[in-house]
Amino acid sequence: MASWFQRREDGGISIPSGGTLHHFVKYRLGIKGISKIMEMVGERIIKLIDSKEAKLDSTPLEASRYDAYSDFNPYYECKMDKAHITMIGTYPVFMTYTDGNDGDSPQLPLHIAALLRMNAKLNEYRLDGSYDSFENHADIWYKLKAKPLISLPIDAVINKEGELERINYWANKKWKLGGSPHQKTDNKLRFLYEIGRQEQVGMYLRNQNLKDKTFPDSYKLRKECERIHGHIKNTVKFDVRRIREESRELYSKFNFVAYQLLLLTNLQNGIKPANAFENYI
């Protein structure tokens with residue numbers, strides 16, 4: 001890396017100016033390039049950690065109250081854009097960016113695809129109630145081979161079409177395509193998913209969570225995510241104040257990658273806890 005830069009007469013290495021770095025990030029890397037770097041760093045982090053528990057939640061990227069482009073979000077009571085972050089354990093590995101009032105659930109397919117590219121091996125994926133849908137339950141289970149732990153509303157009810165009796169009925173009904181009620185349950189669910197009955201698979205998985213008396217509530221998930229999101233904001237600039245509208249996604253992701261790199265440096269050097277950065281101050 002150092003050979004790319006000119007050496008000064010005193011033996012030091014000249015580093016690029018702020019303007020040069022800005023030009024490189026904005027016009028050479030761009031959003032696509034910085035997203036690729038994010039995944040490369042995320043994949044390396046995943047290889048160095050033991051946790052197989054993922055969680056996804058969003059956090060506000062606050063804007064000035066006079067901002068003409070960001071939305072006012074009534075829940076957070078501020079103008080903001082939004083970052084959607086997947087963590088494995090306490091390590092952020094992937095982020096997407098949206099406007100401040102955009103829904104959370106449509107971001108999940110992007111995160112699932114990124115986790116697959118990063119070769120993440122997960123046991124569970126925790127999400128809050130804004131991601132609650134039959135399709136999301138099914139996609140997490142089928143694509144990531146992980147248990148979907150999506151927070152459920154207090155008035156959630158068992159869906160009859162997701163009961164084992166109905167799973168067996170449809171497996172038998174589609175026997176010409178290879179279905180059988182005598183297969184193991186996982187094999188029946190996989191078969192139904194692959195013939196287009198993803199919603200029914202999601203109903204079954206959601207029913208199992210609803211019946212599980214040890215199912216985790218959303219309060220713990222929110223607290224864990226908020227703690228790490230707060231740490232990111234205390235470490236790097238993680239808001240959209242004083243950033244031009246067309247550059248906000250790029251620089252939000254750039255700062256997210258900066259935080260990832262600090263984590264990765266500590267992980268590679270065996271520094272614990274990895275998310276303590278006193279050595280850089």
Hey, are Asn123 and Lys147 close enough side-chain-wise for a donor-acceptor pair under 3.5 Å? no

Does the side chain of Thr86 come within less than 4.5 Å of Met95's, by heavy atoms? no

Contact between Ile195 and Trp170 at the side-chain level, heavy atoms closer than 4.5 Å - yes or no? no

Would Ile85 and Leu149 show up in the same hydrophobic cluster when neighbours are defined by side-chain heavy atoms closer than 4.5 Å? no

Which pair of non-hydrogen atoms, one from Ala120 and one from Ile88, has the smallest distance, and what is that distance? CB-CD1, 4.2 Å

In chain order, what residues pass the salt bridge (charged side-chain N to carboxylate O under 4.0 Å, His left out) check against Asp67, with sequence neighbours excluded? Arg248

So do the side chains of Leu108 and Ile140 get within less than 4.5 Å of each other, counting heavy atoms only? yes

Salt-bridge contact Arg206-Asp132 (side-chain N to carboxylate O under 4.0 Å): yes

Decide yes or no on side-chain contact (heavy atoms from CB on, under 4.5 Å) for Glu62 and Phe238, but give the supporting numbers first. CA-CA 8 Å; Glu62 291 191 38; Phe238 209 52; over 6 Å; no

Between His84 and Ser58, a side-chain donor and acceptor under 3.5 Å: no

Are Phe94 and Leu48 in one and the same hydrophobic cluster, where Ile, Leu, Val, Met, Phe, Trp and Tyr link if side-chain heavy atoms are under 4.5 Å apart? yes

Between Arg241 and Asp239, is the salt bridge (Lys or Arg N to Asp or Glu O under 4.0 Å) condition met? List the steps. CA-CA 6 Å; Arg241 296 186 180 95; Asp239 58 50; 3.3 Å; yes

Any donor-acceptor pair under 3.5 Å linking the side chain of Asn73 with the backbone of Asn101? no

Ring centres under 6.0 angstrom apart (His231, Tyr259): yes

Decide side-chain contact (heavy atoms from CB on, under 4.5 Å) for Ser105 and Asn136; before the verdict, give the C-alpha distance in whole Å, the side-chain angles of both, and the deciding distance to 0.1 Å. CA-CA 8 Å; Ser105 188; Asn136 286 348; 2.9 Å; yes

For a quick check under 3.5 Å, do Lys253 and Ser35 share a side-chain donor-acceptor pair by atom type? yes

Would you please test Tyr131 and His137 for side-chain contact (heavy atoms from CB on, under 4.5 Å) and show each step? CA-CA 9 Å; Tyr131 300 90; His137 280 84; over 6 Å; no

Looking only at side-chain N and O atoms, does Ser70 offer a donor or acceptor that is under 3.5 Å from a partner on Asp81? yes

Check: Gly89 main-chain N/O paired with Lys55 side-chain donor or acceptor under 3.5 Å: yes

Should Glu77 and Arg65 count as an ion pair when the cut-off is N to O under 4.0 Å? no

Looking only at atom types and distance, does a side-chain atom of Asn172 sit under 3.5 Å from a main-chain N or O of Ser180, one as donor and one as acceptor? no

List the steps and the verdict of side-chain contact (heavy atoms from CB on, under 4.5 Å) for Gln260 and Leu264. CA-CA 6 Å; Gln260 283 184 303; Leu264 180 58; over 6 Å; no

When Asp99, Asp102, Asp104 are each screened for salt bridge (Lys or Arg N to Asp or Glu O under 4.0 Å) with Lys82, the one that passes is Asp104

